[in-house]
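Here is the structure we will look at.
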Amino acid sequence: MLDIRFIRQNPDAVRDALKKRGVEAALDEFMKMDEERRNLLFEAEKLKNLRNQESEEIARKKKAGEPVEDLILKMREVSQSIKEMDEKINSLEESLQRILLTIPNIPDDTVPVGKSDADNVEVRRWGTPRTFDFDFKAHWDIGEALDILDFNRAGKITGSRFAVYKGAGARLERALINFMLNLHVEKHGYTEIFPPFIVNRDSMTGTGQLPKFEEDAFKLYNNTDYFLIPTAEVPVTNLHREEILEKDSLPIYYVAYSGCFRAEAGSAGRDTRGLIRQHQFNKVELVKFSEPESSMDELEKLTRDAEEVLQILGLPYRVVALCTGDLGFSSAKTYDIEVWMPSYNRYVEISSCSNFKDYQARRAKIQYRPEKGAKPQFVHTLNGSGLAVGRTTAAILENFQQPDGSVVIPEALREYMGGMDKITKR
RNA sequence: GGAGAGAUGGCCGAGAGGUUGAAGGCGCUCGCCUCGAAAGCGAGUGGGCGUAAAUCCGCCUCGUGAGUUCGAAUCUCACUCUCUCCGCCA
């Protein structure tokens, strides 16, 4: 959420930022309502001041035994006016809030301007995509041939866009989760969180999934207003919703494994095969809370932390800076890490690392005190996948497949696989 | 699911319609004292909004939302959460 004062004072900057994103917002109407609200508020406050003073007067007179009937009658009318004005103010506030919640974040100055993912800028590459001297297969074919992935039965159990992992496949997924968590906890200094996979509406609003993207989320219908989390970002960022953090506690680094659930509305027909786009998938998520001054540095470090997973696994990847048109709703700056996926013959997103600056913090009211006794300020929040586990499994199957149909397990995962160095058909 | 109790400032805890934004204590900050510390003494100490900012001032805020009233932390209703007992349960 943007600061309403910032919009008031810099409407052109906001308009410009939205244009770069390719988004329209009813700013003129917004400014008008804001002014009306403030005028009404001023009038209402004058009346409230009168009411407070006269109420004390009544108390004083009553105690002294003086008559108060006239005053009470007069105040009855004042109270009625206050009530009417408050109702108008409230309805204006609701409208303003509704608009405010649908205005995306302002892109950082360093974000390349562009319309779509075609305008994203490659920042760096690591590793070299392997050239195959045999007829390589897509991971869904590898998985089914090795009897470690079963999409058909998942369709029977639930429906499309679900997968069953079996045997070494299930173990590989679990190994990756543990490997990633251990790396981030032990080497990068993150604190592990195991969050609820179901959250309430306030949490979804705090991180920006709601109100605008409700159709993307799975909603629970048991007389509750609960949602399945689309990412651990939601529960973990909301850990500190409506809190004032100690300066000394910053930066805070959290890492969380969670299942993730996405309706994938609007992506019908895309990535219909394999593990790339599922309604349910596993992810290890990195979340940071930082002081404003250091959040850009923290974004660089967070991205490197995520990259290291791919480096240790030996998977080629590249990092791209998302352009203004491709930037997520709440993000001020995002790097996508894309892993080489032979079946796609291109790099495929496996992590998205973002600095939200104070946008989520303002929505979720996450503050800190810059100094003892100072006014609280909004922290900056960041997060990134470290990594999407299902896509990592897919990348391992494809990049490390052998001519005989087996798949070599990366060295670093073997201790998590009971020493297994290769998945073969059994 | 049934029965009961509760939710007040960073924490503990009073308050039961009228200078109560809130006694008292703890904690914290600053000052005095001290070579220094402790103790003691004095002062201060939630958040939001009000065109930028400090001060002043005003409005709002005692779980959340509505209501009664000239006036609500105090009364009414709904909701949320916490605790205790019973039931059920991985």
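Letters A, B, ... are given to chains in the order of the sequence lines, protein chains preceding strands, and every chain is numbered from 1. Only this structure's heavy atoms are used, side chains among them; waters, hydrogens and symmetry mates stay out. Because the structure is a prediction, the values reported are computed rather than measured.
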Problem set entry | 5'-most by nearest nucleotide on RNA chain B - A:Ile4 or A:Tyr226 | A:Ile4
Seminar exercise, completed: Stems with RNA chain B, 3 or more Watson-Crick or G-U pairs in a row (under 3.5 Å), are B:1-7 with B:80-86, B:10-12 with B:24-26, B:27-32 with B:40-45, B:46-50 with B:57-61, B:63-67 with B:75-79
Rounded [atom1] spacing from [N] to [M] in Å:
N	M	atom1	result
B:G63	B:G46	C1'	16 Å
B:C28	B:C85	P	35 Å
B:G6	B:A16	C1'	16 Å
B:G21	B:A78	C1'	27 Å

Problem set entry | Distance flag, aromatic centroids of A:His188 and A:Tyr253, threshold under 6.0 Å | no
Seminar exercise, completed: Between CE of A:Met31 and P of B:U51 the distance, given in whole Å, is 15 Å
Exercise. Between B:U51 atom C1' and A:Asp34 atom CG, what is the distance in whole Å?
Worked result: 11 Å
Seminar exercise, completed: Nucleotide by nucleotide, nucleotides 58-70 of chain B touches protein heavy atoms under 4.0 Å in the pattern (B base, S sugar-phosphate only, - none) BBS------SS-B
Exercise. Touch check for A:Glu57, heavy atoms < 4.0 angstrom, all strands: base, sugar-phosphate only, or nothing?
Worked result: nothing
Problem set entry | B:G10 OP1/OP2 closer than 4.0 Å to side-chain N/O of A:Arg369 | no
